[in-house]
Amino acid sequence: MNSSFLNQFNSVYFSNNILSFIIYAFFLLITLSLYFVGFVFDFTDYTWSFIVVFYLILVYLLRWINGVNLIGIYSLFYLTTVMFLCGRFLSGFLGYSERPIFELDFFIYHLLNNAEKTNLMYYLFLGLIAMELGLYASRLIFKRNLETYKPLDIKIWPVLIVLLIIVTSQVNGLVTRIMLAASGGYLELFKESQNASYSFNFMSIITSLMMGSVGVFCILKQKKITAIFIFFLAIYFAIAMISGSRGGFICFLLFLLWYLNDFGTKKINIIKLSLFFVGILIFLNTIFYMITFRSVDHIEQSFFEKILAFFYDQGVTLLVFNESMALDGYPIAQYFQNFIPGSTFVYSLLFGPVTLENKTFITYLNYNLNPEMFSYGFGLGWAFFADAYRYSFGIIFIYIAFISLFCMFLNWLQMNIFRSQLVTVIAASIVIHILFLPRNSLATVFPLIFYVVILYVFYTQFKIRTYEKK
């Protein structure tokens with residue numbers, strides 16, 4: 001009886017996932033066909049918004065049919081991708097019309113024409129479709145590992161020493177951050193980061209130590225130490241939010257949601273999840289404006305208008321992605337630095353110092369878009385889709401494959417979260433960076449894995465052996 005039910009379940013499971021994969025493959029074929037014939041759409045902003053929202057409804061309908069966990073690593077990554085790349089369409093669909101969707105009015109001014117809009121939307125939809133193809137390919141190829149959670153039992157003193165180093169070092173940095181934000185606003189912090197040349201930075205080492213240790217602290221058997229670390233991490237991101245950085249704080253809250261629900265393995269009630277997201281929106285559009293040092297343009301607007309403006313502001317990453325595609329000649333060292341830590345340093349030893357504008361893809365983009373503003377410390381961000389485009393070298397099929405394979409990696413990570421302590425530690429350590437990746441660079445994710453592995457090996461040298469417990 002049980003075997004029969006299991007076989008029937010597996011049959012339905014695979015049939016539904018295969019059908020979903022075929023649906024997205026069909027969408028991919030249609031979009032590619034339109035792309036290759038060079039068809040240009042003459043749509044209004046609201047029409048584009050309607051198409052995007054209709055597509056997202058279909059995405060979540062198919063996920064509901066297939067029983068996809070909404071708080072897995074991939075699902076949360078997709079959610080932040082929607083927020084950062086599709087935020088303006090959500091805002092436009094709900095009635096926001098103060099500014100055009102396809103307008104970039106900070107750092108440079110660029111209002112896209114129909115040909116530019118269409119090309120950008122091709123790449124957006126191809127990227128979003130590739131993500132779902134990666135999801136359903138993972139569900140068809142990978143088997144969920146059924147291992148149970150394994151806490152890490154190590155001696156307390158090395159953990160306390162690391163925690164003390166992190167807290168004492170970061171407190172000074174956080175105080176400096178608040179003072180900078182209080183005196184010059186949120187942009188002063190960005191300028192400070194943007195103007196930093198490629199050199200030894202003690203605080204970046206401490207931050208790497210902190211973020212690289214997240215996974216170990218999450219699986220510690222001594223849960224009081226875990227609670228202290230998570231509490232400090234909350235303070236760290238809360239201060240970043242007060243200074244003006246909302247995105248990092250949102251990603252931390254999503255990380256908490258994932259961690260507290262058994263590392264994303266426990267399915268959460270859709271009503272509870274909705275209330276969680278509504279709570280975040282209410283907080284960011286009420287209390288946030290009372291405590292932040294960031295200059296606020298929407299203070300006189302109604303609550304609903306603030307929410308629409310919030311989504312519109314977050315969606316600027318789509319326009320950054322568009323600008324990144326228009327440039328060529330990006331620094332070659334960064335192609336390696338995104339995956340191998342220290343690549344830029346080695347490059348500087350071999351070929352001489354790396355100038356600020358060639359430090360990263362981001363600085364290269366900013367310098368070439370507006371050298372004068374860049375010299376004052378201003379700039380734009382980046383996008384995961386921009387990285388995918390760079391590694392595709394303009395070949396659309398590589399762009400699609402790159403995004404699909406990355407999403408398969410995220411799904412494998414979630415499906416095998418308890419395969420070993422190391423996999424759990426790696427996943428927990430990089431989740432926050434993955435969630436912010438839609439508007440950041442791969443350099444924040446893969447090099448961190450290298451540090452995580454080294455730190456895990458270090459911590460496990462202090463494991464409490466069986467004979468020590470007696």
Using modelled atom types and a 3.5 Å cut-off, is there a donor and acceptor pairing between side-chain atoms of [X] and backbone atoms of [Y]?
| X | Y | value |
| --- | --- | --- |
| Ser343 | Ile340 | yes |
| Tyr389 | Phe321 | no |
| Ser429 | Ile426 | no |
| Thr226 | Phe217 | yes |
| Thr424 | Ile417 | yes |
| Glu116 | Asn113 | yes |
| Tyr122 | Lys117 | no |
| Arg88 | Glu103 | yes |
| Gln414 | Gly72 | no |
| Asn370 | Met373 | yes |

Mind checking whether [X] and [Y] have side chains closer than 4.5 Å, heavy atoms only?
| X | Y | value |
| --- | --- | --- |
| Phe304 | Leu308 | yes |
| Val214 | His433 | no |
| Leu273 | Leu257 | yes |
| Trp258 | Ile71 | no |
| Tyr109 | Leu111 | yes |
| Ser324 | Tyr330 | yes |
| Ile23 | Phe27 | yes |
| His110 | Phe102 | no |

Got a second to check how far [X]'s [atom1] is from [Y]'s [atom2], nearest 0.5 Å?
| X | Y | atom1 | atom2 | result |
| --- | --- | --- | --- | --- |
| Thr360 | Gln337 | OG1 | CD | 10.0 Å |
| Asn440 | Phe84 | CG | CZ | 9.5 Å |
| Phe232 | Leu163 | CZ | CG | 8.0 Å |
| Phe21 | Ser138 | CZ | OG | 10.0 Å |
| Leu410 | Leu437 | CG | CG | 8.5 Å |
| Leu380 | Thr363 | CG | OG1 | 12.0 Å |

Check this for me: [X], atom [atom1], are more than 12 non-hydrogen atoms of other residues, nucleotides or ligands nearer than 6.0 Å?
| X | atom1 | result |
| --- | --- | --- |
| Ile332 | CD1 | no |
| Phe231 | CZ | no |
| Phe277 | CZ | yes |
| Phe336 | CZ | no |
| Ile270 | CD1 | yes |

Donor + acceptor pair across side chains of [X], [Y] (<3.5 Å):
| X | Y | result |
| --- | --- | --- |
| Tyr123 | Tyr35 | yes |
| Arg439 | Gln314 | yes |
| Gln334 | Tyr347 | no |
| Asp42 | Asn114 | yes |
| Asn69 | Tyr74 | no |

Is the distance between the ring centroids of [X] and [Y] less than 6.0 Å?
| X | Y | answer |
| --- | --- | --- |
| Phe237 | Phe252 | yes |
| Phe50 | Phe89 | no |
| Phe446 | Phe409 | yes |

Parallel, tilted or perpendicular, as decided by the 30° and 60° cut-offs, for the rings of [Y] and [X]:
| X | Y | answer |
| --- | --- | --- |
| Phe255 | Tyr259 | parallel |
| Trp382 | Phe361 | tilted |
| Phe283 | Phe249 | tilted |
| Phe406 | Phe384 | tilted |

- Summary of salt bridge (charged side-chain N to carboxylate O under 4.0 Å, His left out) pairs that have at least one residue in residues 380-390, sequence neighbours excluded: Asp328-Arg390
Ignoring hydrogens, what is the shortest heavy-atom contact between [X] and [Y]? Give both atom names and the distance.
| X | Y | value |
| --- | --- | --- |
| Leu62 | Ser20 | CD2-OG, 4.0 Å |
| Ile230 | Cys218 | CD1-SG, 4.3 Å |
| Cys407 | Gly134 | CB-CA, 4.5 Å |
| Pro438 | Thr317 | O-CG2, 3.5 Å |

- Query: Does a salt bridge link Lys306 with Asp313, judged by any charged N lying under 4.0 Å from a carboxylate O?
  - Reply: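 No, no charged N to carboxylate O under 4.0 Å.
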Quick one: list whatever passes side chain to side chain donor-acceptor pair (under 3.5 Å) with [X], sequence neighbours left out.
| X | answer |
| --- | --- |
| Thr355 | Glu357, Asn358 |
| Thr44 | Thr47 |
| Ser75 | none |
| Ser213 | Tyr459 |

- Query: Knowing that exactly one of Thr31, Leu32, Ile30 qualifies, which makes a side chain to side chain contact (heavy atoms under 4.5 Å, CB included) with Leu28?
  - Reply: Leu32
- Should Phe41 and Phe39 be marked as a ring-ring contact (aromatic ring centres under 6.0 Å, His included) after you check the CA-CA gap, both sets of side-chain angles, and the distance that decides it? CA-CA 7 Å; Phe41 295 97; Phe39 192 89; 4.9 Å; yes
- Query: Which residues satisfy the ring pair (Phe, Tyr, Trp, His ring centres under 6.0 Å) test with Phe311, sequence neighbours excluded?
  - Reply: none
- Task: Dump the intermediate steps for side-chain contact (heavy atoms from CB on, under 4.5 Å) on Trp64 and Leu70, then the final yes or no.
- Result: CA-CA 9 Å; Trp64 175 73; Leu70 295 177; over 6 Å; no
